Every structure is written in structure tokens, then in C-alpha cells.
Number of protein chains: 2
Amino acid sequence: MAPAPRSGEAADTATRILDVAERLAQTRGFNGFSYADISSELEISKASLHYHFPSKADLGQALIERYATHFAEALATIEERERDPIAKLDAYAGIYADVLQDQRMCLCGMLAADYDTLPKPMGDAVIRFFDENEAWLARVLEQGANADTLHLSRSPREEAQAILSGLEGAMLVARPYGDLSRFQAVANALLASLTSPSPPERGSGSGA
Amino acid sequence: MAPAPRSGEAADTATRILDVAERLAQTRGFNGFSYADISSELEISKASLHYHFPSKADLGQALIERYATHFAEALATIEERERDPIAKLDAYAGIYADVLQDQRMCLCGMLAADYDTLPKPMGDAVIRFFDENEAWLARVLEQGANADTLHLSRSPREEAQAILSGLEGAMLVARPYGDLSRFQAVANALLASLTSPSPPERGSGSGA
DNA sequence: GTCTATAGGCAGATAGAC
DNA sequence: GTCTATCTGCCTATAGAC
């Protein structure tokens, strides 16, 4: 379903629904929007939305799965474009910065807050998302440690958890302030202190 | 209102309402619970809840204000008990660990996720909470830097933001895993790397 | 695939008796 | 202060025509 439309081509209905729902979930939380919100924005009836996604749980699961897929593609793109592990980490933080600049929280960070109210399959998918991110980060960190461009003071896995948590938290706290630079400052501190004993002047990441 | 009851004495109704609402807000988010939830748990009618807190916005604001007051008291207690800035930071992280062990998210971290849907006064109070925490942390960090027990690689304010964000993010991500040790690992990494150039074996914080 | 209409329930909130 | 009863509106979801 949903064969990737050529650029300029109109997206199909299911895709447009997911686009709107994704933004609403990222800004208002999964319990903070309704079918009516999507309906009014797309000028499509609520009943039509239920045709594409019978229940809100179905919609939510489709949301996470697409988000995780897109995120994995972004990570693959980083792998293609960057060789230096530090550049990869900067690009990784840049993904978060781009999301935040769009006034959004990471979808899965937001759903982590909603975790106790989510249908089980959605909760499981949130955890998978974090696991995949952690695994990717750990690989990059280990690569850097082996190449001696990074000097870790803990296991790659623990450093990866710290980076993931730190970036999610930086987004969470920065968003009420509406201040991207607040995120950037924290992200830089996080990567600098975790990846080098004596930080040698870092740029502001690829974001924004 | 609500004169602190002597230990063992039954709390008044408004306090019991706030206790239940606080837990619900911390676990399910502000849009994830209703007056009916509190009503059934306390076996008090919904109408009675509205007598004490006319609107949910009123309830929410009372929730944040009490939480911020309690938090400030906890920080004052740390100041009384600990002299070493590192011990103060460990105790600070211990507060978060205690909240997480109780299966909860920081109230204001949770409300930060809900920020876009909150009544304006609640949103403002969330920001004040973060500001106060950041200011307290910055003072402790500066104290440590002056006493030469901490070696900061950035301004106290930036380090404070990184610690606050890092702990909030660590809670956010650890909660779906239901794993306190995951939080502890990240908190230790955060404080160790931010406060000493060559980490000299740190304990696991004062939390649980 | 999209619609109108509507079911059935729960949300926040109020009236008024006690 | 607490209650029962109720209001209005929105929620998710379905039926059935086109």
C-alpha cells in the first residue's frame, strides 16, 4: 500500500491522514487529538477515516511503524554520507533538531509519556524504536572507539542510552520554551562530554 | 488551607484529591485521566470534586503548585544535609529515582509533553518549575567549581540545563522499560561526565 | 472510498436538595 | 461539603446509501 508518490504527485488518502495524525500526536500526545481534528483539517468525514484506520489503535500503530521506518531510512542515509563517527552523531542530533524546529516532539518520546494509556502493541513498538536507536548509536560509538576518534568512559551501550535519553529529554524540556538553541546547547554538551575527554570546540550539529 | 496534618492524621479532602490526581497525571498525563477516575478511587462524587476544584484547569494548577512547593522543600533539605556539591547532585538525582521507582514520571516532565494542550497558567507554571530547578542546579555547580571539587567545561547554567534535561529524558525513556537501573546508569553517566574530567568511580546515587 | 446519520458512552461541568 | 440528577458536547465507532 501507498506506493511512494513521485515528487509533486498528490499523496494518497491514507498517507495524508497519517501526515496529519503524526503532527497531532507529536504536538498534543496520543490522547490529545481525535478523529474529528483530522477530519476537519483534511475535510474528510470521520467515517472515511475509520475506513482507512478502523480504530484509533490501528491508526496509532501505523503511525509508529511508519515513523520507525522513516527514522531507519534517515540513519541509513547518515551511514552513506558520513564516515567520521563524530559526524554521524552530529547528524543524528540534527534529526532531532529538525523535528524540534518543526515545533514537534519525537513521536516515540511523546508516546513514551503516554505509555501507560497506550494499547499494548503501540507500547511494544515504542520500545522497539528505542532499542533500534540504541543499537545504531552503540555501533557508531564502538566504531569510533575502535578507530580511536572517540574515547568512551563506559560501554557503547550505556553511552548510547545516555545519548538517546539526553536528546529526548532536551527536546521535552526545550519545547515549552519554544527555543531551539536551548536544545542545541544541551545536545552539544551531551555529545562533547560523552565523546571526548577535552572538548575541542564543536559545531552546532547539522540541524536547522 | 490544608494545615499540614500530624502524622497518622487523616488528610483533608482537597489533599486526598490532589494525591490521587497527582499520581494519575504523572502516570497517564493530564489528558489521560478524568474526574470520574478520581471519583471512583476516592468514592466521592464527581460533583464534590468540582466543589473543591471547579474546573480541571484549577485542579491542574493546584497540582503543579503543590508539586513545585514540595520539590523546593526537598531541595532545601538537601542543602541542609549535604555540603559536598557532588553529594548534592547525587541527592538531586535521587529525588528523580524515587519518583521513577514509584512508577511515575516527573509531573512537570509529563506536563511538558502535554504542553500544547495545557491552559496557559499551567504551561507558565511548568516553565517556572524548570527555571527554579535550573537555578538551584546552577548554584550547586558554581559552588562546586569555586571549591574546586567540580570541573565544568561550560557555564553552570548550561551544565544545569544538561543535567535537568538528561534526568527528565532518562525518566521518560526508562519508564516504558519499567527498569530503574536503566535510569541509574544514565544518571550516573550524566553526572560523572559533567562533573569530572576523569571519572573516579561513582556510587549509584541516593535514590532507592 | 466517501458520505450522512447515528449509536452509545464518557468528558467536564452545573442545579439544587440535604 | 456532599449528594443525585442532569446537561451539553465530544469521543470512538458503526450502519448503510451512493
Side-chain angles (χ1 to χ4, degrees), chain A residues 1-3 5 9-25 27-64 110-111 114 116-123, chain B residues 1-3 5 9-25 27-64 110-111 114 116-123:
Chain A
M1 52 299 268
E9 193 171 344
D12 65 24
T13 304
T15 301
R16 290 190 303 139
I17 293 169
L18 287 173
D19 289 342
V20 172
E22 184 177 81
R23 196 193 66 249
L24 290 170
T27 53
R28 306 176 57 88
F30 193 66
N31 299 315
F33 75 97
S34 69
Y35 274 50
D37 295 321
I38 306 169
S39 170
S40 69
E41 189 158 339
L42 289 180
E43 295 178 296
I44 283 177
S45 72
K46 288 193 292 170
S48 292
L49 301 180
H50 280 285
Y51 168 81
H52 292 280
F53 303 98
S55 75
K56 202 181 176 186
D58 293 324
L59 173 60
Q61 216 174 329
L63 231 35
I64 308 182
M110 185 63 94
L111 296 179
D114 295 330
D116 283 13
T117 71
L118 298 180
K120 180 82 163 51
M122 284 185 68
Chain B
M1 47 304 266
E9 194 172 340
D12 65 23
T13 304
T15 302
R16 290 191 301 141
I17 293 169
L18 288 173
D19 288 342
V20 172
E22 185 177 81
R23 194 193 67 249
L24 290 170
T27 53
R28 304 176 58 87
F30 193 66
N31 300 316
F33 75 96
S34 70
Y35 274 50
D37 295 321
I38 306 170
S39 171
S40 69
E41 188 159 339
L42 289 181
E43 294 178 297
I44 283 177
S45 72
K46 286 196 294 169
S48 292
L49 300 179
H50 280 285
Y51 168 81
H52 292 281
F53 302 98
S55 75
K56 202 182 176 186
D58 295 322
L59 173 61
Q61 218 175 326
L63 231 35
I64 307 182
M110 185 63 93
L111 296 179
D114 294 330
D116 283 12
T117 71
L118 297 180
K120 180 83 161 52
M122 284 185 68

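Chain letters run A, B, ... following the sequence lines, proteins first, then strands; residues in each count from 1. Since the model is a prediction, treat every value here as computed from it, not as a measurement. In what follows, every heavy atom counts, from backbone to side chain, and hydrogens, waters and symmetry copies are set aside.
Between the side chains of B:T117 and B:D114, no donor-acceptor pair is found at a separation under 3.5 Å.
Under the side chain to side chain donor-acceptor pair (under 3.5 Å) criterion, A:S55 pairs with A:D58, sequence neighbours left out. Legend: residues meeting side-chain contact (heavy atoms from CB on, under 4.5 Å) with B:P119, ordered by chain and number and at least two apart, are B:A57, B:P121, B:M122. Residues passing the side chain to side chain donor-acceptor pair (under 3.5 Å) test with B:S39: none are found, sequence neighbours excluded.
First and last contacting nucleotides of DNA chain C toward chain A (any atom under 4.0 angstrom from a heavy atom, 5' to 3' order): C:dG1 to C:dT4.
Within the 4.5 Å cutoff, the side chain of A:I38 has heavy atoms near those of the A:L59 side chain. Annotation: side chain of B:Y51 is not in contact with side chain of B:T13 (no heavy-atom distance under 4.5 Å).
Near DNA chain C, defined here as any heavy-atom distance below 4.0 Å, the residues from residues 39-48 of chain B are B:K46, B:A47, listed numerically. Within residues 116-123 of chain A, no residue places a heavy atom under 4.0 Å from DNA chain C.
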For the pair B:I44 and B:R16, evaluate side-chain contact (heavy atoms from CB on, under 4.5 Å) and give the outcome as yes or no after the intermediate values. CA-CA 11 Å; B:I44 283 177; B:R16 290 191 301 141; 3.8 Å; yes
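Within 4.0 Å (heavy atoms only), A:F33 reaches sugar-phosphate atoms of the nucleic acid but no base atom. Across all strands, B:Y35 comes closer than 4.0 Å only to sugar-phosphate atoms, never to a base (heavy-atom distances).
Using modelled atom types, no side-chain atom of B:K46 and backbone atom of B:S34 make a donor-acceptor pair closer than 3.5 Å.
Listed here is the closest heavy atom pair of B:H50 and B:P54: ND1-O, 2.8 Å.
For the atom pair CD1 of A:I64 and CZ of A:F30, the computed distance is 8.0 Å after rounding to the nearest 0.5 Å.
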